[in-house]
**Q** 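If you scroll down you'll find the structure; I have some questions about it.
Remember, it's a predicted structure, so these values are computed and weren't measured experimentally.
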2 protein chains.
Amino acid sequence: MQTKVKGDGGGAVRGADGDPLTPLELGAWRGLLRAHADLVRRLDAGLRVSHGLSLSSYEALMLLGTSPRGRMRISELSGATLLSVSGMSRMVDRLVRDGLVVRESCEEDGRGAEVALTPSGRGRLRAARAAHLADVRREFLGRFADDELREMSGFWSRIEPDGRGA
Amino acid sequence: MQTKVKGDGGGAVRGADGDPLTPLELGAWRGLLRAHADLVRRLDAGLRVSHGLSLSSYEALMLLGTSPRGRMRISELSGATLLSVSGMSRMVDRLVRDGLVVRESCEEDGRGAEVALTPSGRGRLRAARAAHLADVRREFLGRFADDELREMSGFWSRIEPDGRGA
DNA sequence: GACCTTTGTTTGCATCGTCAACTATCCTTT
DNA sequence: AAAGGATAGTTGACGATGCAAACAAAGGTC
């Protein structure tokens, strides 16, 4: 049962709708924001100084590198990452400018662009990969036990879907 | 003990340094990224359409609203949020432009600027507050039990400090 | 096969954020 | 009290992003 106390002295674990966040709630919510920001900043900095890649461009290259066909549509990339389609389009612009990928026109769909790694992109990915994975493990995964990671995964899945139905 | 199997068929729960992330690791790591992105996007959108505030400007106004002296230094605001000092300086620019806060020169320190809510800023904050807190509870806090939130807080605190010592 | 709808991508505009360089002030030391 | 160094904040240049509108090509439908 959730503790819903309105106007008590401060022992409430959960606040009602308009109440200020309780310490418990603050810890979970602000903690998420701060932990994410810290973590991303560290990992991004690591990739950037060592390999000139942002975290999101790494993710894009990595998706391309493991894609079975070796090339992906913009929308496919966007769906698999956290970027909007337009954001991904611009990211691909930058990757093209840096010579890491090429845009190819799509055979089956004249609207489409397909994106593929260049040799240079493949090399950059390979160079960055091990170090980045080690970073992720050192800064994040390594700080939790297996069952904690499992539990965390479960937490995340509860946030995802929603949509909007009541 | 952590399962560290190198080169097995796919049953590994944890990978070694250079290995690709296992499903367990992926679930926790990508899940964090996605959950955060989804959550922030939803809350930001809610605040923005209803009250013309971004999540970070809400946080700044909220800090000002609950500050004992009613006004705060730029660096104080920056330290309490996730923005750099220069980022906060620009955010204050926007808030000033929108008439929600004022910059006052600081009595004790001639370099300093102090930031204080205007009546309009106070009003905007009050108008946004309840709806935003309800959003946070609906989209995030409400999906977890008390002890889960407590556990989550514990997780966050393990990411924070580090520094760099081995 | 012209028309309308849907879908994939790009672009215009605005916001938001960082780092590095700069200015202004403060503080300590001599 | 002048010099040197630390600290607070602002600004310039730039990079990312998102949303909405614009485009372009497919795919029906009649």
**Q** Distance check: side-chain N/O of A:Ser84 vs OP1/OP2 of C:dT9, anything under 4.0 Å?
**A**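 Looking at the OP1 and OP2 atoms of C:dT9, neither is under 4.0 Å from any side-chain N or O of A:Ser84.
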**Q** With nearest nucleotide decided by heavy atoms, which residue, A:Asp109 or A:Asp93, maps closer to the 5′ end of DNA chain C?
**A**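 Nearer the 5' end of the strand: A:Asp109.
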**Q** Under 3.5 Å, side chain of A:Arg158 to main-chain N/O of B:Arg143, donor-acceptor pair present?
**A**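 Checked: pair present.
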**Q** Whether A:Arg94 contacts D:dA16 is assessed here as follows: a side-chain N or O lying under 4.0 Å from the phosphate OP1 or OP2. Is that the case?
**A**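 Answer yes for this pair, as a side-chain N or O of A:Arg94 is under 4.0 Å from OP1 or OP2.
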**Q** Determine whether any donor atom in the side chain of A:Arg111 lies under 3.5 Å from an acceptor atom in the base of C:dT9, or the reverse, and answer yes or no.
**A**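 When only heavy-atom distances are counted, A:Arg111 does not reach the base of C:dT9 through any donor-acceptor pair under 3.5 Å.
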**Q** With the side chain of A:Ala113 defined as its heavy atoms from C-beta on, choose the nearest nucleotide among D:dA16, C:dT10, C:dT15.
**A**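 Output: C:dT10.
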**Q** So B:Ser75, base contact, sugar-phosphate only, or nothing? Heavy-atom distance under 4.0 Å.
**A**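 Since only primed, P, OP1 and OP2 atoms lie under 4.0 Å of B:Ser75, the category is sugar-phosphate.
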**Q** Tell me which one of A:Met88, A:Arg90, A:Arg94 satisfies side-chain contact (heavy atoms from CB on, under 4.5 Å) with A:Val92.
**A**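 Option passing the side-chain contact (heavy atoms from CB on, under 4.5 Å) with A:Val92: A:Met88.
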**Q** Donor-acceptor pair under 3.5 Å: do we get one between B:Arg90's side chain and the base of D:dG9?
**A**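 Result: no qualifying N/O pair found.
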**Q** A:Ser86 side chain N/O closer than 4.0 Å to the phosphate oxygens (OP1, OP2) of C:dT10?
**A**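 For A:Ser86, the contact criterion (side-chain N or O under 4.0 Å from OP1 or OP2 of C:dT10) is not met.
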**Q** Among the nucleotides D:dT17, C:dG17, D:dA25, which one has an atom lying closest to any side-chain atom of B:Met91?
**A**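 Given the options D:dT17, C:dG17, D:dA25, the side chain of B:Met91 is closest to C:dG17.
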**Q** Check whether any side-chain N or O of B:Arg150 sits under 3.5 Å from a backbone N or O of A:Leu24 as a donor-acceptor pair, and report yes or no.
**A**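 Checked: no pair found.
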**Q** What integer distance in Å separates B:Glu108:CD from C:dT25:C1'?
**A**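 Distance, rounded to whole Å: 14 Å.
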**Q** Between B:Glu59 and B:Leu77, is any pair of side-chain heavy atoms under 4.5 Å apart?
**A**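 No. Closest side-chain heavy atoms not under 4.5 Å.
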**Q** Can you measure B:Met88 atom CE to D:dT10 atom P for me and round it to whole angstrom units?
**A**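 So the two atoms are 11 Å apart, to the nearest Å.
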**Q** Is A:Leu77 touching bases, backbone alone, or none of the nucleic acid, heavy atoms closer than 4.0 Å?
**A**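 Counting heavy atoms under 4.0 Å across all strands, no contact is made by A:Leu77.
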**Q** CG of A:Leu83 versus P of D:dC19: gap in Å, rounded?
**A**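 Those two atoms, CG and P, are 11 Å apart.
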**Q** Starting the side chain at C-beta, find the nucleotide from C:dG8, C:dT10, C:dG17 nearest to A:Arg73.
**A**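 Minimum distance to the A:Arg73 side chain belongs to C:dG8.
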**Q** Rounding to a whole Å, what distance do you find between B:Leu95:CG and C:dC16:C1'?
**A**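 Answer to the nearest Å: 12 Å.
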**Q** Between D:dA25, D:dG18, D:dG9, which one does the side chain of B:Arg41 approach most closely?
**A**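 Of the candidates, D:dG18 comes closest.
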**Q** Is any side-chain nitrogen or oxygen of B:Arg103 closer than 4.0 Å to OP1 or OP2 of D:dT10?
**A**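 Checking B:Arg103 against D:dT10: at least one side-chain N or O falls below 4.0 Å of OP1 or OP2.
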**Q** Examine C:dA14: is either OP1 or OP2 under 4.0 Å from a nitrogen or oxygen in the side chain of B:Arg97? Give yes or no.
**A**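 Answer no for this pair, as no side-chain N or O of B:Arg97 is under 4.0 Å from OP1 or OP2.
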**Q** I want to verify a distance call: between D:dT11, C:dT10, D:dG9, whose nearest atom is closest to the A:Val85 side chain?
**A**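 Of all the options, the side chain of A:Val85 is nearest to C:dT10.
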**Q** Can you label the angle between the A:Phe155 ring and the B:Phe144 ring as parallel, tilted or perpendicular, going by 30° and 60°?
**A**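 Rings of A:Phe155 and B:Phe144: perpendicular, over 60°.
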